[in-house]
Each structure stands twice: as C-alpha cells, then as structure tokens.
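Positions are given from 1 along the sequence.
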Amino acid sequence: MKKKILILGGASVHCKLVEVAQKLGCYTIVTDYLNNSPAKQIADESWNLNIMDVDLIVEKCKEEKVDAVISGWLDPCQRPYCEICEKLGLPCYGTKEQFYQMTDKHAFKKMCIDNGVDVIPEYDERDIDKVEYPVFVKPVDNRGSRGQTVCYDKESLVKAIEYAKSESSNGDILIEKYMKDAEELQVTYFFVNGEPFLLRTTDSYCGSEDNHLEKVVACAISPSKHTEQYLKTSHNQVIKMFKRLGFMNGPIFMQGFVDKGVFRFFDPGLRFPGVDYERIYEKVFGISLMELMVQIAVNGKCDQGVVLPKDGVNLNGKRAAVLFPTVKAGKVGKICGLEELISDDHVVSVWRRCDVGDEVKWCYNVNQRSLEADILCDGTEQLKKYLKKFLSKYKVYDINGNDMVFEIFDAERVI
C-alpha cells in the first residue's frame with residue numbers, strides 16, 4: 001500500500017516536496033487554511049486545517065491513517081510539525097528542544113554565545129536611554145521582515161518596540177545594533193545520519209533604503225564570495241554547536257552579517273530557507289534533497305549509503321541566483337516576457353508571487369515581491385549578464401497599462 005504522507009503548508013516552496021513524494025509512490029496530503037494554495041493544487045488530497053490546529057490535525061491523521069508528516073521550508077510550520085509528530089509517534093527530524101533553540105531568537109543567541117559563535121550586540125528594552133543608534137528592532141519569532149524597524153532616535157525606537165510586539169506571538173522582541181554597513185550572509189547545512197554537509201552559502205543583496213526595501217532581499221547569490229573565509233574562521237565552531245545540539249538528520253540554516261571579517265549570526269531555522277535553491281542543487285549534483293526529506297519522514301533517518309558532496313557548497317564552480325523582482329502597488333493587468341524566460345536553460349525554477357488580477361499593496365516587505373526566479377550560470381560574469389537580460393525582459397503592467405516594476409536589482413553589485 002502507498003504510504004500516506006501529510007505535508008504541512010501549501011506554499012509554492014513545498015510543491016517540490018509533493019512532486020518527489022509522489023514520484024516515490026507516496027499518497028500526498030497537504031494542509032493549511034487556504035482553499036487553493038499551490039502545493040494543494042498538485043497533491044492527491046488536501047485538508048483545510050490551519051497548521052496551528054495541532055489537535056485537529058492529529059485527530060484527522062489518526063482517522064485517515066497517515067504514515068508520515070513532513071515540513072521543511074516554511075518557518076511557521078516548524079514547531080507545529082514537531083508537536084504533531086510527537087503526538088502521533090511518527091518520525092520527526094528534530095526534537096522539541098532543537099526546534100526551540102533554532103526558532104526562538106533569544107535562545108539561539110544564547111546558544112551561539114555559549115558555543116563561541118559570534119552574534120550581533122544587543123540592548124535590553126529597559127535600558128533604552130543607553131542605546132547607541134542606529135538600532136534594529138524585530139519580533140523574536142516573526143518572519144519575512146514583518147514587525148522590523150530601523151531606528152535612529154528614541155522616539156522612533158519607542159514606536160518600533162510597540163510595532164514589533166504587535167507582530168510577535170508572545171510579545172518578545174530584540175533590539176540590536178543596526179549592521180548598516182555589514183554584508184548579509186546565509187548558510188545552510190544538511191545532516192545525514194549525524195554527518196554535516198555545508199550545502200549553501202549566500203550573499204544577500206537587499207533593496208535600497210530610499211525605497212524602504214533595505215530589509216528585503218532583492219537577490220541572493222551562491223556560493224558567497226565569503227565562503228573560503230567562513231570555512232576558515234567559523235564553520236568548525238558552527239558544526240560543533242550543531243553537534244552539541246544533538247542534530248542528526250535534516251536541514252539547518254542561519255542568517256548573519258559579515259562585520260569586518262567577523263561572521264555574526266542572528267536568525268536561525270531548523271529548516272531550509274523558503275526558496276527553491278534545492279532544485280539548483282539537484283541540477284548540479286543529481287541529488288534530491290527532497291527525497292532525503294521523505295526518507296526521514298518515513299524512516300526517521302536517511303537511507304544508509306547516502307553521501308552528499310563534501311564541496312557541494314561551491315556548485316562545481318558555477319554561480320546561482322535567487323532573484324526577487326518587486327512591483328509597485330496596483331492591480332496586475334499584464335505580465336510580459338516570463339514564458340520566454342522560463343524556457344531558458346539558465347532558469348531552473350520560477351514561482352509567481354502575484355498573477356494577473358491580483359491586487360498588490362504597499363507593504364515594503366517580502367509581499368512586494370512579484371516572483372522568485374532560480375537561476376544557474378557557469379560563472380559570475382555570465383550570471384551578471386543573464387540577470388540583466390532577465391530584468392530587461394520581465395515586465396509587469398497594471399490594468400491601466402502603467403509599469404508596475406518597482407526597484408530593479410543592479411546586477412553589477414554581484415561580486
């Protein structure tokens with residue numbers, strides 16, 4: 001009989017998980033509170049149960065005799081996934097303690113400090129009169145730039161604290177030094193039966209402060225230009241920290257800054273970043289990380305003999321980009337150039353975040369993005385050239401024929 005596997009969250013980033021599970025002969029079920037989310041459209045079955053309704057999902061799983069539960073790319077699914085697996089007695093790639101350490105920013109920061117991994121200097125809310133500006137305020141447990149503010153004085157800080165608390169599930173916030181001149185970096189690991197593999201390093205290029213997009217990544221380039229330095233200075237300490245955490249199978253990622261040669265981490269996740277980079281990895285190496293995730297969901301570990309490339313982070317000398325074009329507020333009337341671009345060999349994957357007829361609002365966070373394009377090229381110069389080509393051909397117009405493209409990423413920023 002087919003194994004029944006429940007995927008928590010129907011966002012487009014989980015479509016690849018549904019596809020692989022079906023390829024492996026599983027019967028796929030996707031649940032979230034939306035009626036027609038992308039992964040639901042391709043699954044064998046869908047449930048309209050909010051991922052936060054743990055007890056309802058557990059009862060439904062028992063009724064339907066679900067064999068496995070999985071999530072791996074969506075931030076809000078992490079703790080419910082662990083709780084559902086625990087209540088059903090099914091395999092989970094992390095423990096309750098591991099998910100807590102890698103989702104609570106305060107707990108993560110303390111773990112880093114205890115293990116000699118550098119973090120961003122922090123201020124206590126009770127000491128706002130001692131703050132040295134600028135500072136960055138954010139909820140401890142929210143995502144996608146929501147609730148985040150850069151503050152240059154006490155008046156804006158007081159407002160930012162209230163805003164961050166309103167976007168936090170428990171009112172907990174962080175006030176940190178604003179790393180204005182530091183470059184963003186992201187690292188992703190995958191553990192196979194206790195052995196860690198560095199999958200990805202990423203330089204995150206954010207939008208401009210003038211357009212209020214300074215907290216929103218416009219383009220992510222892999223491997224990072226800082227990869228060699230990271231491997232020399234921080235990689236071993238990070239590995240020791242994760243091993244001390246007792247992690248055995250599955251993904252871990254962290255966001256950080258490169259601050260004058262020091263790698264300071266601030267945002268963790270016991271998951272993959274919410275993009276389709278794994279499709280790029282599979283194209284280069286012929287290894288499906290999604291298949292490994294299904295193995296973990298069904299068996300509690302990766303199959304014996306699974307080995308990932310030791311130098312996989314360097315993509316065999318290639319460079320990759322995850323591009324996020326942004327659009328202005330308005331109602332989408334027409335999208336041009338996308339079909340031609342999707343058929344290009346350099347484009348590995350494209351997911352539309354808005355379509356014709358959709359209403360886009362001014363929010364200055366990830367909701368300003370119109371799509372995600374995952375691009376693979378032979379080297380840096382080819383990648384820069386192709387990014388320019390993509391952005392010149394991709395057009396979005398509103399219902400009145402006005403250009404909706406907001407800020408165009410400057411490919412010359414890529415190093």
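In this structure, the separation between SG on Cys219 and CG on Leu323 is 5.0 Å, given to the nearest 0.5 Å. Lys283 NZ to Lys318 NZ: the interatomic distance, rounded to the nearest 0.5 Å, is 8.5 Å. One distance of note links CZ of Arg319 with CG of Asn314; it measures 9.5 Å at 0.5 Å rounding. Here CG of Leu383 is found 11.0 Å from NZ of Lys388. Values are rounded to the nearest 0.5 Å. Interatomic distance, Tyr277 OH to Ser222 OG, rounded to the nearest 0.5 Å: 4.5 Å. One finds the NE2 atom of His212 at 12.5 Å from the SG atom of Cys363 (value rounded to the nearest 0.5 Å).
Checked against the 6.0 Å centroid threshold, Phe285 and Tyr281 count as a close aromatic pair. The distance between the ring centers of Tyr123 and Phe136 does not fall below 6.0 angstrom. When ring centroids are compared, His14 and Phe272 stay outside the 6.0 Å threshold.
With hydrogens and angles ignored, the 3.5 Å screen pairs no side-chain donor or acceptor of Thr28 with any backbone N or O of Val18. Checked by atom type and distance alone, the side chain of Gln78 pairs as donor or acceptor with a backbone atom of Leu270 at under 3.5 Å. For Lys40 (side chain) and Asp32 (main-chain N/O), a donor-acceptor pair under 3.5 Å exists by modelled atom type. Between the Gln41 side chain and the Asn36 main chain, a donor and an acceptor come within less than 3.5 Å of each other.
Within 6.0 Å of the CD atom in Gln382, the count of heavy atoms belonging to other residues, nucleotides or ligands exceeds 12. Sparse packing is recorded around CG of Asp345, with 12 or fewer heavy atoms of other residues, nucleotides or ligands lying under 6.0 Å away. Heavy atoms from other residues, nucleotides or ligands lying under 6.0 Å from CD of Glu155 number 12 at most. Taking a 6.0 Å sphere around CZ of Arg413, one finds it holds more than 12 heavy atoms contributed by other residues, nucleotides or ligands. The neighbour count for Tyr33 OH, taken as heavy atoms of other residues, nucleotides or ligands under 6.0 Å away, does not exceed 12. Environment of NZ in Lys395: crowded, with over 12 heavy atoms of neighbouring residues, nucleotides or ligands closer than 6.0 Å.
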Residues 171-181 side chain polar contacts: donor-acceptor under 3.5 Å, at least two apart:
from   : atom 1 : to     : atom 2 : distance (Å)
Asp172 : OD1    : His106 : NE2    : 3.3
Glu176 : OE1    : Lys138 : NZ     : 3.3
Glu176 : OE2    : Lys109 : NZ     : 2.9

Under 3.5 Å donor-acceptor pairs involving side-chain atoms of residues 124-133, not counting sequence neighbours:
from   : atom 1 : to     : atom 2 : distance (Å)
Asp124 : OD1    : Arg126 : N      : 2.8
Asp124 : OD1    : Arg126 : NE     : 2.9
Asp124 : OD2    : Arg126 : NH2    : 2.9
Glu125 : OE1    : Lys165 : NZ     : 3.4
Glu125 : OE2    : Lys165 : NZ     : 2.9
Asp129 : OD1    : Lys154 : NZ     : 2.6
Tyr133 : OH     : Lys154 : N      : 3.2

Pair up each side-chain donor or acceptor in residues 295-309 with any protein partner under 3.5 Å, not counting sequence neighbours, and list the distances.
from   : atom 1 : to     : atom 2 : distance (Å)
Gln295 : OE1    : Asp303 : N      : 2.9
Gln295 : NE2    : Asp303 : OD2    : 3.3

From CA spacing to verdict: side chain to side chain donor-acceptor pair (under 3.5 Å), Tyr394, Ser370 | CA-CA 11 Å; Tyr394 173 65; Ser370 61; 2.8 Å; yes

Could you give me the CA-CA distance, side-chain angles and deciding distance for Asp104 and Val140, then say whether side-chain contact (heavy atoms from CB on, under 4.5 Å) is met?
-> CA-CA 6 Å; Asp104 184 283; Val140 162; 3.8 Å; yes

Could you walk me through whether Arg79 and Tyr100 pass the side-chain contact (heavy atoms from CB on, under 4.5 Å) check?
-> CA-CA 8 Å; Arg79 293 200 202 181; Tyr100 171 70; 3.8 Å; yes

Could you please spell out the steps behind the ring-ring contact (aromatic ring centres under 6.0 Å, His included) verdict for Phe247 and Phe242?
-> CA-CA 6 Å; Phe247 196 61; Phe242 291 152; 7.5 Å; no

Please assess Tyr93 against Phe99 for the test ring-ring contact (aromatic ring centres under 6.0 Å, His included), listing each intermediate value before the final yes or no.
-> CA-CA 10 Å; Tyr93 66 76; Phe99 274 104; 5.6 Å; yes

Evaluate the criterion salt bridge (Lys or Arg N to Asp or Glu O under 4.0 Å) for residue pair Lys87 and Glu83; output intermediate values, then yes/no.
-> CA-CA 6 Å; Lys87 291 189 173 188; Glu83 191 176 349; 3.7 Å; yes

Full working for salt bridge (Lys or Arg N to Asp or Glu O under 4.0 Å) between Lys105 and Glu122 = CA-CA 12 Å; Lys105 292 183 178 68; Glu122 181 181 349; over 6 Å; no

Decide salt bridge (Lys or Arg N to Asp or Glu O under 4.0 Å) for Lys4 and Glu45; before the verdict, give the C-alpha distance in whole Å, the side-chain angles of both, and the deciding distance to 0.1 Å.
-> CA-CA 10 Å; Lys4 280 189 176 181; Glu45 184 179 335; 5.2 Å; no

Decide yes or no on side-chain contact (heavy atoms from CB on, under 4.5 Å) for Lys62 and Leu88, but give the supporting numbers first.
-> CA-CA 8 Å; Lys62 289 177 180 177; Leu88 289 170; 3.8 Å; yes

What do the steps show when you test Arg264 against Val119 for side-chain contact (heavy atoms from CB on, under 4.5 Å), and what is the final call?
-> CA-CA 4 Å; Arg264 301 186 183 277; Val119 295; 5.6 Å; no

Could you go step by step and tell me if Glu278 and Arg200 meet the salt bridge (Lys or Arg N to Asp or Glu O under 4.0 Å) rule?
-> CA-CA 10 Å; Glu278 295 72 34; Arg200 182 187 183 208; 5.8 Å; no

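A salt bridge between Lys225 and Glu183 is present, with a side-chain N of the basic residue lying under 4.0 Å from a carboxylate O of the acidic one. Arg244 has no carboxylate O lying under 4.0 Å from a charged side-chain N of Glu97, or vice versa, which leaves the two without a salt bridge.
Between His235 and Tyr189, the ring planes are parallel. Angles under 30° get that label, and only those over 60° would be called perpendicular. In this structure, His346 and Tyr386 have tilted ring planes: the angle between them lies in the 30° to 60° band. Aromatic ring pairs are classed by plane angle as parallel below 30°, tilted from 30° to 60° and perpendicular above 60°; the pair Tyr364 and Trp362 is parallel.
The two residues Leu17 and Ile70 make their nearest non-hydrogen contact at CD2-CG2, 3.7 Å.
A donor-acceptor pair shorter than 3.5 Å cannot be found between the side chains of Thr326 and Glu407. No side-chain donor from either of Ser204 and Gln255 sits under 3.5 Å from a side-chain acceptor of the other. The closest side-chain donor-acceptor pair between Trp47 and Glu64, if any, does not fall under 3.5 angstrom.
For the pair Thr31/Ile57, a side-chain contact is recorded, criterion being any heavy-atom separation below 4.5 Å from C-beta on.
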